[in-house]
There are 2 protein chains.
Amino acid sequence: MYIFAKVMYKNTIMKTKVQRLSVLKKIVKTEKVSSQDELLKKLKKEGYQLTQATLSRDLKYLRVGKIPDDRKGYIYKLPGEGKDQEIPVMTNGFPMSGFVSLEFGSGLGIMKTLPGYAGSLASAIDQTRPFEIIGTVAGDDTILIVPRDGASRNAVANALAELFPLLRG
Amino acid sequence: MYIFAKVMYKNTIMKTKVQRLSVLKKIVKTEKVSSQDELLKKLKKEGYQLTQATLSRDLKYLRVGKIPDDRKGYIYKLPGEGKDQEIPVMTNGFPMSGFVSLEFGSGLGIMKTLPGYAGSLASAIDQTRPFEIIGTVAGDDTILIVPRDGASRNAVANALAELFPLLRG
DNA sequence: ATAATAAATGTATATATTTGCAAAAGTAAT
DNA sequence: ATTACTTTTGCAAATATATACATTTATTAT
């Protein structure tokens with residue numbers, strides 16, 4: 001009961017932060033926002049209470065950059081955005097492929113790939129450094145995906161959907 | 001003589017700005033800089049005198065963004081950087097190819113491509129919006145490249161080399 | 001449980017960046 | 001050359017963002 005309480009507490013609190021980061025990420029990805037105050041308001045609407053200072057840290061943590069935009073002056077952008085649409089293509093010139101399936105169990109994700117593809121796909125995942133995933137281990141046709149504490153299956157799947165369009169829809 | 005003087009004048013002055021932008025672009029591309037004051041010093045060393053306000057405008061014009069960096073906190077980054085290395089791959093999944101040659105004449109650039117490739121390659125050029133190039137016109141196997149006033153052939157060629165590695169070396 | 005340690009956050013402030021406005025410089029037309 | 005128009009730039013002020021420090025909240029070890 002005592003230990004259980006601690007764990008519960010941890011989950012409750014940590015989830016709030018991870019959720020906040022997820023929501024922040026989603027906002028930055030889907031909307032054109034040009035200041036932290038603006039972001040702050042949007043986060044408030046979603047039910048997150050925080051100060052500009054914390055937001056600044058969150059943005060840094062998520063590696064969110066600020067770039068010039070034709071319409072809004074400056075907007076925030078996730079790392080690799082714009083690159084994302086081309087990410088399904090691997091650097092070596094071969095189209096990203098080999099993905100077979102994704103399942104979750106015991107708090108972990110298991111991605112199945114075509115034989116021999118696990119290494120390169122895991123490498124691709126690592127390179128994009130989705131914050132929902134703290135690490136991967138690849139065999140020959142299987143990748144073990146370790147989610148960050150508090151990251152939901154959906155959050156992990158969504159992060160992976162950036163790389164593997166098959167996961168969408 | 002009178003007209004000539006005006007033209008000379010224009011070239012002299014405009015070149016200064018275009019050159020400055022080129023140098024700025026080069027600095028941002030090759031060094032990790034984390035503030036405009038820092039950039040200002042580097043530009044001064046290269047012989048360019050300007051205020052921080054102008055630099056801010058230059059950065060906006062060049063679409064230079066600022067992103068978090070592990071070592072230096074925040075650094076400036078050119079649009080599409082990091083994407084550049086993957087740019088030789090087209091969105092449709094086919095490797096970027098079809099480039100044949102590049103020549104200059106009458107202040108214009110002429111790029112030859114494989115038959116039928118001009119459109120897609122010109123589109124790729126337009127999408128990266130190199131500031132040295134104000135526009136392109138594509139036929140079937142030829143692209144007309146219109147450089148910005150004051151942009152040297154080298155500057156244009158370098159900008160294009162980002163997309164067409166064949167142009168390097 | 002308590003004390004010690006580490007992590008997250010807010011407050012206030014320092015830094016950094018953008019922008020309105022006016023002046024200077026460049027261009028075009030008469 | 002003079003005038004009208006456009007572009008570029010600096011100055012100063014407004015905004016926006018990062019960070020040192022203190023405080024609270026969580027985690028670990030005893």
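Order of the sequence lines fixes the chain letters, A, B, ..., with proteins taken first and strands second; residue numbering starts at 1 for each chain. Only this structure's heavy atoms are used, side chains among them; waters, hydrogens and symmetry mates stay out.
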What is the distance, rounded to the nearest whole Å, between atom [atom1] of [X] and atom [atom2] of [N]?
| X | N | atom1 | atom2 | answer |
| --- | --- | --- | --- | --- |
| B:Leu39 | C:dA16 | CG | C1' | 12 Å |
| A:Leu50 | D:dT25 | CG | P | 16 Å |
| B:Tyr61 | D:dT7 | OH | P | 12 Å |
| A:Lys17 | C:dA6 | NZ | P | 17 Å |
| B:Lys72 | C:dA16 | NZ | P | 11 Å |

With a 4.0 Å cut-off, would you call B:Arg63 and A:Asp70 a salt bridge? yes
Classify the nucleic acid contact of A:Leu55 as base, sugar-phosphate or nothing, counting any heavy atom under 4.0 Å across all strands shown.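 Nothing, no heavy atom under 4.0 Å.
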Residues clustering with B:Ile67 (ILVMFWY side chains joined when closer than 4.5 Å, directly or via others):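 Members other than B:Ile67 - counting any ILVMFWY side chain reachable under 4.5 Å - are B:Ile75.
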Please answer whether the main-chain N or O of A:Lys72 pairs with a side-chain N or O of A:Lys32 as donor and acceptor at a distance below 3.5 Å. no
Could you list the residues that satisfy salt bridge (Lys or Arg N to Asp or Glu O under 4.0 Å) with B:Lys66, not counting sequence neighbours?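 None.
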Scan nucleotides 15-21 of chain D nucleotide by nucleotide, 5' to 3', and note B when protein non-hydrogen atoms come under 4.0 Å of the base, S if they reach only the sugar-phosphate, - if neither. -SBBBB-
From B:Asp58 atom CG to B:Leu50 atom CG, the distance as rounded to the nearest 0.5 Å: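 With rounding to 0.5 Å, CG (B:Asp58) is 6.5 Å from CG (B:Leu50).
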Nearest-0.5 Å distance that lies between atom CD in B:Gln36 and atom CG in B:Leu40: 8.0 Å
